[in-house]
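In the text below, chain A, chain B and the rest are named by the order of the sequence lines, each starting its count at 1.
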Amino acid sequence: MSEISKAYEPQAVEEKWYAAWQNEGCFTADPASPKPGYSIVIPPPNVTGMLTLGHVLNNTIQDVLARRARMKGFEVLWLPGTDHAGIATQTVVERKLRKEEKKTRRDLGREAFLERVWEWKEKHGGIIISQLKKLGCSCDWSRERFTMDEGYSRAVQATFVDLYGKGLIYRGKRMVNWCPVSLTALSDEEVIMKPQKGVLYRMRYELVERPGEYLEIATTRPETLMGDTAVAVHPDDERYKHLIGQHVWRPFPRLQIPIVADEHIDPQFGTGVLKVTPAHDKADFEIGQRHHLEILDVLNPDGTLNELAGSEFAGMDRFVARKAAAAKLAELGLLVAEEPYQNNVGFSERADVPIEPRLSLQWFLKYPSVEQSLEAVKSGEIRFRPERWVSTYEHWLTNIQDWCISRQLWWGHRIPVWYRKDDESVIHVGLEAPADEENWRQEEDVLDTWFSSWLWPFETMDEATRAKFYPTGDLVTGPDIIFFWVARMIMAGYEYTGRKPFSDVFFTGLIRDIQGRKMSKSLGNSPDPLELIAKYGADGIRFGLLRIAPQGQDIRFDEKVVEEGRNFANKLWNAARFRQMQGPSAPDADLSGLPLSIYSIDLLAKLDELIAKVNGAYAEYRFNEIAQSLYDFFWSEYCDWYVEAAKTEISGSDEAARASALAVMDTVLNRLLRLLHPFMPHITEELWETLGFSARSHGKPFVLYSDWPEPVGIAALVGEAAVKAAQE
RNA sequence: GGGCAGUUAGCUCAGUGGUAGAGCGGUUCGUUUACACCGAAUUGGUCGGGGGUUCAAAUCCCUCACUGCCCACCA
C-alpha cells in the first residue's frame, strides 16, 4: 500500500489508468462472449472536428452507460469512429491549398485533390479521437471506423444501387438549395432561416395594353427581375381582376410578360402583385409550372449574374446587382419607394451565406420504410427521452420532401452511376463500371454525407458482431440532428436489417455560455475542454458537467462546475487517505456480529437508499440526479457526519467499536467507488487499488471489472426497528 | 403563422399535491493530526402576473407576459 499524497493530482493518475485499461484490453468487445450484449455506436464526430463541451457531455454520458453496463455483467461494445464530413473537410483542404499553394481544387484535378484530402486526413484528421481518450472514453478502439473505409464505402454505394433498383432514387431537374460559395446543392435540412434586415422595393411595370398605366409590385430582390417571366395576382382580387390575361412591360431587358392569376398570391401583402421569377424562387417556380411560364436563369452558380441579365449586369455579384438594379429602376422612374424591411432568408449552414434557390439536375431519394419508422417511435418500440421529441420526429416524418442526395463535391462517396458517352440518356447503375468502360463516364457528384452516416449502426459491424450487438442499446445525441441522422438511421435500419437500429435515444441538451448564448468559434465563448481537463482532470469535468445536466434541458456552462467536480474528486481522495491512515482496509468487510453504532446503522441505511435511488435514476436517464445523490451522500452523510462522529471511536480504546467503524467505512467506500466509477473512472480506479479492494474484481484487478453494488441490506441485518431507531 | 421548452435565493439550477432546496456568492468564526480543492455557523425567495380546482398548489387546470429553440414558399 502506497502513501497517498495530500491533494489529488489527476493528470498522472488518469494517464496511467487509461493506458492500463487499454493494455489489458478492457474495452474490447467479444462477440463470442456468453454474457448478454450491450452496445452503443458513437455519433461519429467530423474527422476535422475538435473536442467541444458538447462532445464532452455527449460522450461522458455514453461512457457512463457503457461502464455501468460492464459492471452489470454485460459484454459491452462501444463502437467509435469518425465521419468524412464532405463539405467541412473539403473546405478545410481547399482553404489550405489556396493559402499555401494559391491553387484551387480544379487546378489539381479530381484525383490529385482527393489524394491531398486523404493525406490531410491521415496527418491532421481524427485529432478528436485522441481527445476522447483523454476524457476516459471506454470505446473499443480496435474497431474504429471511418465512413470512407473501403468496406463502408462499398456498402454506401450498394445502398444507392439498391434504392435505385427499388425505384426510390431518381434523377431530376428540380428547385434545390444552392450554396454559391461551396458550389453545391444542399438538402432542406442544411438550410438555416435567419431574419435579415433588408429593403422592400416598390416598383412599377407599365401595362402593355394600357400605355401610361402601371402595376405596382413589391419585391426584396430586384436583381432577379431580369428573370421575371410573369407577374401574378390573386384571381379574386377586385383591383386587378380585369387585368388578368393582359401584359406588362418588364423594364430590362425589355419584354412583354403576362399577368397571371394564382391562388398563392396574398392580396394583403405589399401591393398584392408578385413578380414571378421561376428560376430563382421555389414558389415562383411552382407558379411557373402551373402557368407554363418560361424559366429564365439569370444567375451563375457562384451567385453572379450572367449575360441573360443584360450586359451591364453580367458578372456582377447578386448583392451588388440588387443595388444596381434598384438604381436603374430609379433612373427609369420606375422605382416608387424603398422601405426598410425584415424577412427570413435561408442560409447555407456550412458557408453561412444566403442560399440561392436554383434549378438543377440532381439525384433524389424517396425515403424508405417511412411508415414503419414512424410507428416504431409512436409505439415506443424505440423510446425517445425526453419524450417530447417524439412529436418533433413525427411532424418531420409526416411532412418530408424527397431528399436531395447529390452534392457537387469531390470528397465523398461517388455516385455509382455511369452515362454512356455517345448517349447520355443511357445509364448504368451498379458498383462497377460497365465492361466497355471507355465508352462510359461516371457521375461526377458524390453523395450527401448523411447518406453514409444513416447506415452507421449496422455497417460498422461485421456479421458476428451484428449477431451479438445489433440492434444497439442506447443512442446518445443532440436533438439538433434528429432529422439529419436519427430519423434516417431508423429508416435505414428497418429497410436494411428489418429491425430497429437502437432501442433508446437519449437527447442531451445544448451547452450554452453563461449568458445563454450558443457556443461558437466566432464568439470565442467556447472553452477548450482539453485545457479544462489539464486544469481540473477528466473526472472533474465529467462529474461537474453531468451534475448540472438535467434531462435534455439546455445547460449554461460555467467553469465553476468543473471546479466543483475537481473539488469533489479531491474530497474523495482525502476520505480514502484518511481511511488508509487507520490501517489496512478489508475488501469484503463482514458486518454481522459487529457492534454497530446508531451512526453506522443510519449511514448504512442511507447507503441502501442511495443505491436504490441511483438505480431508479439510471432507469430514467436522470444523470444529474445520480451525480447529485452521490455527491450529497458522500460529502454530507459520509464525510461531514459519519466520519466526524466515528473519529471518537477510531481514536478510542474500545477495539471492537473501532473495528466496527472501520468495517463500516470499508463497506461504504467500496460501494461508493463502484457507484462513482462510471462518472469518475480514473480516480475510482486509483483508489480501488490503493485501498486494496481489487480482490472484489473479476478476472482483472480493476474496479471496471467489479460488480455493480447491491444494497448492504442493513434492515435485514439489524432489523427494521433498529434502523428506525437509528434514524430518529 | 404553427409547435415545444423555460420563468424558484444575488448567480447557475434541483424540486410535479402536504411545513421552500443545493452549489457558488455574501457575512462571521476556525492552523482540533483526511481535505483551505477544507470545516462550523449564518445571510438570503410573497416559487413570472392573474384566475381556478383542492382541506392543502412551486407542483394540477385556464389565461396573460417575457425569453429561447424548432418548423413554415408571404414576395
Look at all strands and tell whether Asn624(A) reaches a base, only sugar-phosphate, or nothing, counting heavy atoms closer than 4.0 Å. nothing
Taking a pair as Watson-Crick or G-U wobble with both distances under 3.5 Å, which nucleotide is matched to G48(B)? C64(B)
Rounding to the closest angstrom, what is the interatomic distance between A72(B) and G25(B) at atom P? 45 Å
Is atom CD of Glu387(A) surrounded by more than 12 heavy atoms (other residues, nucleotides or ligands) closer than 6.0 Å? no
If only side-chain N and O atoms count, and only distance matters, is there a donor-acceptor pair under 3.5 Å linking Trp396(A) with Glu189(A)? yes
Between Glu564(A) and His264(A), name the one whose nearest nucleotide on RNA chain B is closer to the 5' end. Glu564(A)
Once you apply a heavy-atom cut-off of 4.0 Å, does Arg202(A) come out as touching a base, just sugar-phosphate, or nothing? nothing
Do the charged groups of Glu609(A) and Lys606(A) touch, with an N to O distance under 4.0 Å? no
Report the base-pairing partner of G30(B) (Watson-Crick or G-U wobble, both distances below 3.5 angstrom), or none. C38(B)
Span that lies between the C1' atom of U46(B) and that of A58(B), in whole angstrom: 12 Å
Is Asp558(A) touching bases, backbone alone, or none of the nucleic acid, heavy atoms closer than 4.0 Å? nothing
Taking atom C1' in both G51(B) and A57(B), what distance in whole Å separates the two? 14 Å
Partner of G23(B) under the Watson-Crick or G-U wobble criteria, both distances under 3.5 Å, comes out as C11(B)
Taking only the P atom of each, what is the distance from G3(B) to U63(B) in whole angstrom? 12 Å
Tell me, please, the opening and closing nucleotides of RNA chain B, 5' to 3', among those with an atom under 4.0 angstrom from a non-hydrogen atom of chain A. C4(B) to A75(B)
Could you check whether Lys282(A) gets within reach of a base, just the sugar-phosphate, or nothing at all, counting any heavy atom under 4.0 Å? nothing
Would you mind listing every salt bridge (charged side-chain N to carboxylate O under 4.0 Å, His left out) that reaches into residues 216-227 of chain A, with sequence neighbours excluded? Arg202(A)-Glu216(A), Arg221(A)-Glu223(A), Arg221(A)-Glu356(A), Glu223(A)-Arg322(A)
Distance between the C1' atoms of A65(B) and G49(B), in whole angstroms? 7 Å
Between A9(B) and G23(B), how far is it from one C1' atom to the other, in whole Å? 12 Å
Touch class at under 4.0 angstrom, heavy-atom based, for Glu644(A) against every strand present: base
When rounded to the nearest Å, what value does the distance between C1' atoms of U53(B) and A20(B) take? 22 Å
Option among Leu329(A), Ile217(A), Val298(A) that satisfies the side chain to side chain contact (heavy atoms under 4.5 Å, CB included) test with Leu225(A): Leu329(A)
Please name the nucleotide paired to G17(B) by Watson-Crick or G-U wobble geometry with both distances under 3.5 Å, or report none. none
Classify the side-chain pair Tyr367(A)/Arg488(A) by whether it contains a donor and acceptor separated by less than 3.5 Å. yes
What is the nucleic acid contact for Tyr341(A), judged by heavy atoms within less than 4.0 Å: base, sugar-phosphate only, or nothing? sugar-phosphate
Under 4.0 Å between any heavy atoms, over every strand shown, what does Arg566(A) touch: base, sugar-phosphate, or nothing? Just pick one. base
C61(B) and G17(B): how far apart are their P atoms, nearest whole angstrom? 12 Å
Tyr536(A) pairs by side-chain hydrogen bond (donor to acceptor under 3.5 Å, both in side chains) with which of Arg566(A), Glu564(A), Glu559(A)? Glu559(A)
What's Ile548(A) touching, base or sugar-phosphate or nothing? Going by heavy atoms closer than 4.0 Å. nothing
Scanning all shown strands, the Watson-Crick or wobble mate of A75(B) with both distances under 3.5 Å is none
Contacts of Lys647(A) and Trp635(A) projected onto RNA chain B by closest heavy atom; the upstream (5') one is Lys647(A)
Gln628(A) side chain to Asp632(A) side chain, donor-acceptor N/O pair below 3.5 angstrom: yes
